[in-house]
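To start, the structure under review is shown below, and the notes come after it.
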Amino acid sequence: MTAHLSFSERLLAWFDRHGRKDLPWQQSATPYRVWVSEIMLQQTQVSTVISYYQRFMARFPDVRALASAELDEVLHLWSGLGYYARARHLHAAAQHVCSVYDGVFPTDLEAMQTLPGVGRSTAAAILSLASGVAEPILDGNVKRVFARHAGIDGWPGDVAVQRRLWALAETRMSTTRPGPYNQALMDLGATLCTRAQPRCEQCPVRGDCVARLGARQSELPTPRPRRVQPLRSTTMLLVENAEGRILLEQRLPVGIWGGLWAPPECPPDWEPTAFCHERLGVVAAVIRELPGFRHTFSHFQLDIRALHLRTQGGSDRVMEGPERVWYNSRLPDARGLAAPVQRLLASLRDEP
DNA sequence: AAATCGGGGAG
DNA sequence: CTCCCAGATTT
């Protein structure tokens with residue numbers, strides 16, 4: 001009976017009944033108000049954005065108010081949202097609109113994208129939601145909806161996949177009600193076609209959704225390829241003195257565990273005891289090797305090998321160099337220890 | 001603990 | 001071009 005309704009017709013009918021039409025930026029949806037909301041929504045979900053948005057609008061009611069503000073104040077109102085480069089772009093773009101476009105937002109897609117922080121999708125959202133221009137959007141929610149409904153395989157970040165998604169976005173664009181259609185797409189992705197546990201029973205386009213028909217909702221969109229994590233390795237020297245304390249040194253402020261305290265690392269081409277003597281000034285002998293383990297960072301993995309050493313002949317004066325302490329792990333103080341270091345210290349405590 | 005999100009900037 | 005990043009939140 002409803003088999004002949006198009007994608008956009010079904011979506012719009014659902015939107016008219018269930019879509020959100022009372023969000024702050026939907027009231028008197030000017031390009032300025034929509035733009036600010038879109039930038040905030042790129043990084044944060046609706047429920048969090050609302051209060052930030054209202055404070056922001058109360059202070060900067062129009063683009064001229066924003067353009068003439070101090071960046072510091074803009075950042076202050078952004079505090080807690082994260083992605084502070086976007087607040088800087090927002091401020092710069094406001095000044096751009098005032099100086100180049102005399103305070104009036106551009107009305108075509110190309111010009112809109114000259115604003116810092118505004119790419120194709122954000123430009124299209126502003127034009128369609130505020131001015132009813134029929135330009136398709138493609139944010140994360142919409143990519144998920146299309147990838148599932150049309151059964152588009154492949155990671156959406158991949159150029160070829162992105163091209164297919166944009167093509168689909170163009171062909172499905174509603175020319176009769178562009179604004180509500182784009183809002184409906186975003187609402188569908190945010191409320192029903194969610195990343196985990198989508199509520200397909202309530203979806204207006206479930207009838208011809210490729211993912212649902214193939215029970216592939218959880219596989220689409222294809223997740224980002226797990227990049228092969230580089231594997232590094234290190235040997236940590238747990239040097240224990242006569243009082244049962246462990247030598248820790250403060251790491252350089254840059255790089256992993258910057259500024260945190262950790263046992264000295266033995267370079268691969270050094271004998272551990274020689275390294276202790278010549279680089280740390282400590283005479284120590286290896287007692288045993290502790291069980292090694294693998295620690296996963298966001299961008300690499302680290303195989304950690306740990307040697308337990310004991311100082312010889314009361315040697316516990318250390319050389320100049322990085323900040324070093326003999327640390328009593330039974331009486332932990334306030335210094336920062338990386339998780340793997342805590343784990344190593346704990347294993348020494350439990351099994352000395 | 002891992003994935004995420006649209007655009008900018010580096011390589 | 002292609003790759004990588006921000007950074008708080010969600011799962």
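Convention: sequence-line order gives letters A, B, ...; per-chain numbering from 1.
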Using atom P in both nucleotides, what's the gap between B:dA10 and C:dG7 to the nearest angstrom?
16 Å
Exercise answer: donor-acceptor pairs, residues 302-310 of chain A side-chain atoms, under 3.5 Å, sequence neighbours excluded:
{"unit_1": "A:Asp303", "atom_1": "OD1", "unit_2": "A:Arg294", "atom_2": "NE", "d": "2.8"}
{"unit_1": "A:Asp303", "atom_1": "OD2", "unit_2": "A:Arg294", "atom_2": "NH2", "d": "3.1"}
{"unit_1": "A:Arg305", "atom_1": "NE", "unit_2": "A:Glu289", "atom_2": "OE2", "d": "3.0"}
{"unit_1": "A:Arg305", "atom_1": "NH1", "unit_2": "A:Thr235", "atom_2": "OG1", "d": "3.3"}
{"unit_1": "A:His308", "atom_1": "NE2", "unit_2": "A:Glu240", "atom_2": "OE1", "d": "2.7"}
{"unit_1": "A:Arg310", "atom_1": "NH1", "unit_2": "A:Glu240", "atom_2": "OE2", "d": "3.4"}

Applying side-chain contact (heavy atoms from CB on, under 4.5 Å), name anything that partners A:Thr30, two or more places apart in sequence or on another chain.
A:Tyr32, A:Arg33
Whichever of A:Gly82 and A:Val159 has its nearest DNA chain C nucleotide further upstream toward 5':
A:Val159
Of A:Ala196 and A:Ala85, the one whose nearest nucleotide on DNA chain C sits closer to the 5' end is A:Ala85
Between A:Trp78 (CH2) and C:dA6 (P), how many Å, whole number?
18 Å
For A:Met40 and C:dG7, give me the distance from atom CE to atom P, rounded to whole Å.
16 Å
Can you name the side-chain contact (heavy atoms from CB on, under 4.5 Å) partners of A:Ala111, sequence neighbours left out?
A:Tyr101, A:Pro106, A:Asp108
Distance in angstrom units between A:Asp158 CG and C:dC4 P, rounded
14 Å
Among residues at least two apart in sequence or on other chains, which ones pass side-chain contact (heavy atoms from CB on, under 4.5 Å) with A:Ser218?
none
How far, in whole Å, is B:dG11 from C:dA6 if one measures between their P atoms?
14 Å
If you round to the nearest 0.5 Å, how far is CZ of A:Phe7 from CE of A:Met173?
11.5 Å
All N/O contacts under 3.5 Å from nucleotides 5-9 of chain B to the protein, with atom names and distances to one decimal?
{"unit_1": "B:dC5", "atom_1": "N3", "unit_2": "A:Tyr83", "atom_2": "OH", "d": "3.4"}
{"unit_1": "B:dG6", "atom_1": "OP1", "unit_2": "A:Gly140", "atom_2": "N", "d": "2.0"}
{"unit_1": "B:dG6", "atom_1": "OP2", "unit_2": "A:Gly140", "atom_2": "N", "d": "3.2"}
{"unit_1": "B:dG6", "atom_1": "O3'", "unit_2": "A:Thr122", "atom_2": "OG1", "d": "3.4"}
{"unit_1": "B:dG6", "atom_1": "N1", "unit_2": "A:Arg86", "atom_2": "NH2", "d": "3.3"}
{"unit_1": "B:dG6", "atom_1": "N2", "unit_2": "A:Arg86", "atom_2": "NH2", "d": "2.1"}
{"unit_1": "B:dG6", "atom_1": "N3", "unit_2": "A:Arg86", "atom_2": "NH2", "d": "2.5"}
{"unit_1": "B:dG7", "atom_1": "OP1", "unit_2": "A:Gly119", "atom_2": "N", "d": "2.9"}
{"unit_1": "B:dG7", "atom_1": "OP1", "unit_2": "A:Gly119", "atom_2": "O", "d": "3.4"}
{"unit_1": "B:dG7", "atom_1": "OP1", "unit_2": "A:Thr122", "atom_2": "N", "d": "3.1"}
{"unit_1": "B:dG7", "atom_1": "OP1", "unit_2": "A:Thr122", "atom_2": "OG1", "d": "2.8"}
{"unit_1": "B:dG8", "atom_1": "OP1", "unit_2": "A:Gly117", "atom_2": "N", "d": "2.5"}

Show every ring pair (Phe, Tyr, Trp, His ring centres under 6.0 Å) that has at least one partner inside residues 104-137 of chain A, sequence neighbours left out.
A:Trp35-A:Phe105
